2 protein chains.
Amino acid sequence: MARQAGSKGEETAARIRAAATGLFARHGYAAVSMREIASEVGVGAGAIYNHFTTKQDLLVGLMVGHMTDLLAAWDAEPMAAADAFPAAALEAFARFHIRFHRQRIDEVFVSYMELRSLDQPNFHRVERLRRAYEDRLEGIIARGVAAGAFHAPEPKVAALAIIAMLTGITGWYRQGGRLPASTIEALYVEMVAATVRPKGGPD
Amino acid sequence: MARQAGSKGEETAARIRAAATGLFARHGYAAVSMREIASEVGVGAGAIYNHFTTKQDLLVGLMVGHMTDLLAAWDAEPMAAADAFPAAALEAFARFHIRFHRQRIDEVFVSYMELRSLDQPNFHRVERLRRAYEDRLEGIIARGVAAGAFHAPEPKVAALAIIAMLTGITGWYRQGGRLPASTIEALYVEMVAATVRPKGGPD
DNA sequence: GTCTATACCTTGATAGAC
DNA sequence: GTCTATCAAGGTATAGAC
């Protein structure tokens, strides 16, 4: 599961991961067989076991990889710094979340819908990463509340509500749809900001 | 699948539906076997086929039933009337959605997560019902915009965002958790209202 | 209407040749 | 590292007794 680059078989492993991600997203983990994955990659079913010990191992690798990438990508954003102005950080978070998820629709589907397909130890690994991501947003909101810039009696609840709203885009967004991605992003940035705006506060 | 009341076997059918709903919600449609469902009901696996022709038929019956109930329940609300004040209708919709979904967490899980497990004709049946529900909210928002009470450049997008936000509660809400249901409901009602509130508008 | 028994198929995973 | 062949288990659905 570790991504040892350079070796010959790693390219095959990457193609297996890619095929599995697409198939799991479309049909669900339990509904996809190792044979289907192998067939899409163009290898025999047995070959998968040279790269992953079990089907469960393949799944958890995808999910941990996705969540780890997500966290690392956000933490690399300038606005993720703890001293950023809350309003600017919140907007940056919304734009980041939308863009990252638009680029990885399949990974998002898998990571948010297959939690129940994980056995208990693996579930806790992924859950911890998901919590860490939610905590990033909760932190921004809490700082905004402390600074008097936001209204949010329960920052944790506001964070969960915002993430659900943003992630919901992946459920209906289609490239080439009626609205361009930039318009959708602007609409959501505005709605997110409104969610924590003090009623009589700044516009 | 039609709910012919009174006959003796209908009680068994209802218990099969209940067991299937719980199991599908917890483990996913594809991961649950007819044997497991039958075992939970306390009958043999073959007995299920006296009430449902296939596993797919059992699933689609649950989903169509849930969505139909949801639509009928909302349409029976006084505030669903087309001449209700938009702000009041929006609050009523939020409260209705939260309460209905809290009472039927398993059905919601199944109806929102197993769309991909439906074959094409069944998918379209359920999708049409889901669209109809979204349209109810979109209508409220559009009327609010027309009346100058709401700010929403794209009522359809606002409706999808609000529904995603509200439905997200089912992903983390647990009875007996830190916050009472009434508090959570109040927080979300406020966030929903904020989502479409004109920036310089009424508080 | 439910039971037991079973047909038939696909599953995840393994073994050994190359 | 990949292939083919294979195993044991479990899948949906059916048949016929009661």
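Computed from a prediction, not measured in an experiment: that's the story for all the values here. Order of the sequence lines sets the chain letters (A, B, ...), proteins ahead of strands, with each chain counted from 1.
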Exercise. Which listed nucleotide (C:dC3, D:dG11, C:dG12) is nearest to the side chain of B:Val43?
Worked result: C:dC3

Problem set entry | Rounded distance (Å) that lies between atom C1' of D:dG11 and atom NZ of B:Lys55 | 8 Å

For this session: Describe the nucleic acid contact of A:Val41 in one word from base, sugar-phosphate, nothing, applying a heavy-atom distance below 4.0 Å.
Result: nothing

For this session: Starting at atom NE2 of A:His27, determine the distance to atom C1' of C:dT11, rounded to an integer number of angstrom.
Result: 17 Å

For this session: Could you tell me whether B:Glu10 and B:Arg17 make a salt bridge, using a distance below 4.0 angstrom between a side-chain N and a carboxylate O?
Result: yes

Exercise. For the side chain of B:Ala47, counting heavy atoms from C-beta on, which of D:dT2, D:dT12, C:dT2 is nearest?
Worked result: C:dT2

Exercise. Between B:Thr167 and B:His97, do the side chains contain an N or O donor and an N or O acceptor separated by less than 3.5 Å?
Worked result: yes

Exercise. Does A:Ser33 place a side-chain N or O at less than 4.0 Å from the phosphate oxygens OP1/OP2 of C:dT11?
Worked result: yes

Exercise. C:dC3 C1' sits how many Å from B:Ile16 CD1, rounded?
Worked result: 14 Å

For this session: Establish, with yes or no, whether the OP1 or OP2 oxygen of C:dT2 is under 4.0 angstrom from a side-chain nitrogen or oxygen of B:Thr12.
Result: yes

Exercise. Looking at the rings of B:Trp74 and B:Tyr133, which for Trp means the six-membered one, are their centres under 6.0 Å apart?
Worked result: no

Problem set entry | Euclidean distance, atom CD1 of residue B:Ile48 to atom P of D:dT14 [Å, nearest integer] | 13 Å

Problem set entry | Rounded distance in Å - CD (B:Gln56) to C1' (D:dA13) | 15 Å

Exercise. Does OP1 or OP2 of D:dT12 have a side-chain N or O of B:Thr54 closer than 4.0 Å?
Worked result: no

For this session: Take B:Arg35 and B:Glu40 through the salt bridge (charged side-chain N to carboxylate O under 4.0 Å, His left out) test and state the conclusion after the steps.
Result: CA-CA 9 Å; B:Arg35 288 192 234 272; B:Glu40 184 148 310; over 6 Å; no

Exercise. What about B:Arg35: does its side chain form a donor-acceptor pair under 3.5 Å with the base of D:dG11?
Worked result: yes

Seminar exercise, completed: In whole angstroms, the gap separating C1' of C:dG1 from CZ of B:Phe52 amounts to 14 Å

For this session: Mind calculating the distance between CG (B:Asn50) and P (C:dT2) to the nearest angstrom?
Result: 6 Å

For this session: Kindly indicate, with the supporting measurements, whether the criterion side-chain hydrogen bond (donor to acceptor under 3.5 Å, both in side chains) is fulfilled by A:Ser117 and B:His27.
Result: CA-CA 7 Å; A:Ser117 299; B:His27 306 111; over 6 Å; no

Exercise. Could you give the NE2-to-P distance, from B:His51 to D:dA13, as a whole number of Å?
Worked result: 15 Å

